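In what follows, every heavy atom counts, from backbone to side chain, and hydrogens, waters and symmetry copies are set aside. Atoms within a ligand are numbered from 1 in the order they appear, just like the ligands themselves. Not measured: the values here are computed from a predicted model.
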Amino acid sequence: MTPTPFHPALIVVDIQEDFLPPNGSLAVPNGLDIIPPVNALLELPFRLKVATKDNHPPTHISFCTSHAPPHNVPFSSTYTLVNPRNPEEKIQSRLWPQHCVQGTKGWEFPESLEVGRLDEMVLKGSDEKVEQYSGFAGPFRGAEAESSGEIGDAPDETELRRILVEGGVTHVYVVGLALDYCVKATALHAVERGFKTYVIREGTRAVDAAAVEEVYKELEEKGVGVISSDSEEVEWVKQLEK
Ligand SMILES: [Zn+2]
């Protein structure tokens, strides 16, 4: 039975040329497989369909080219990411090849994606000094959010939460690239912000295919539903037409 209230949104994470074979600089294996199922989901009557776009300056901190050897090996080297607003707050993050640089071919949506069906687009990763996997916010809580306990008011919060809240959204369905980084981070932030959240298996692929089941387990443990395109939860969206 469809829950009430039920106002679902589809979030399409970072389906951009650089994350896609054959030419993407950070191509996710089998990433093109997700385009037909994502296009099919874009045809459903979600209340809102929002895409995120990785939107880096050419000198972004996550690029191997922004770091000195020998600790600048893409996919394997890590570096310490420091919160520019709170130097005490640090996390280890991974280095990547240059990707999704603002305005380049790799930054674009693929022509095969039905972008005309999107309602909104949210840019992320624009701050040179901060890595941002999630479409909602950077990885730091922010001193203000930490002290007030408020999630969703971090200084680096994007427009995504506001768009969903103003749209009256209750349920969030996440697809896109890549499962083990930006899809996972976006889904976990959606749960933290109070949305009932699902990740659709057919609509995502991982950088590390061997990690897929582990990622799904972690998502489920943290309150994200892992579902398939023919699940009851997607059926609820289809029923909205009737
Ligand atoms: Zn990136």
Side-chain angles (χ1 to χ4, degrees), residues 11-32 34-35 38 50-68 71-84 89-110 113 115 118 120-140 154-161 174-190 199 203-209 211-212 215:
I11 302 183
V12 179
V13 176
D14 298 6
I15 302 189
Q16 290 166 266
E17 289 283 4
D18 267 342
F19 292 127
L20 291 168
N23 299 319
S25 64
L26 180 34
V28 176
N30 303 308
L32 288 171
I34 74 171
I35 306 269
V38 169
V50 186
T52 68
K53 240 182 174 183
D54 219 16
N55 181 58
H56 297 314
T59 50
H60 191 251
I61 193 163
S62 74
F63 296 166
C64 55
T65 46
S66 303
H67 297 257
H71 305 293
N72 65 345
V73 182
F75 300 101
S76 69
S77 294
T78 59
Y79 63 102
T80 304
L81 188 61
V82 181
N83 184 348
E89 193 180 0
K90 297 173 183 164
I91 55 171
Q92 285 300 113
S93 202
R94 190 169 296 276
L95 285 183
W96 303 109
Q98 266 206 353
H99 62 276
C100 301
V101 174
Q102 297 155 2
T104 63
K105 173 74 179 160
W107 173 85
E108 301 284 349
F109 291 123
L113 185 68
V115 292
L118 293 167
E120 300 271 2
M121 206 234 318
V122 171
L123 299 175
K124 67 185 190 60
S126 311
D127 184 339
E128 182 183 53
K129 296 192 176 66
V130 179
E131 174 64 299
Q132 186 181 355
Y133 292 146
S134 163
F136 285 95
F140 300 115
D156 59 356
E157 188 85 8
T158 67
E159 295 287 274
L160 183 51
R161 177 173 176 267
V174 187
V175 293
L177 299 169
L179 170 68
D180 35 354
Y181 292 93
C182 295
V183 168
K184 173 175 136 180
T186 301
L188 293 177
H189 270 175
V199 168
T204 187
R205 290 291 180 273
V207 171
D208 177 7
V212 167
V215 172

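Our summary of the site lists the angle at the Zn ion (ligand 1) between NE2 of His99 and NE2 of His56 as 100°, to the nearest 10 degrees.
Within Asp54, OD2 is the N, O or S atom that lies nearest to the Zn ion (ligand 1).
For Asp14, every N, O or S atom stays at 2.8 Å or more from the Zn ion (ligand 1).
Applying the ring pair (Phe, Tyr, Trp, His ring centres under 6.0 Å) rule to Phe63 yields the partners His56, His60, His99; only residues at least two apart in sequence or on another chain are considered.
Between the side chains of Tyr181 and Arg94, a donor-acceptor pair is found at a separation under 3.5 Å.
In this structure, Asp14 does not pair ionically with Lys53, as no charged nitrogen and carboxylate oxygen lie closer than 4.0 Å.
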Problem set entry | Steps toward side-chain contact (heavy atoms from CB on, under 4.5 Å) verdict (Gln98, Val101) | CA-CA 7 Å; Gln98 266 206 353; Val101 174; 4.2 Å; yes
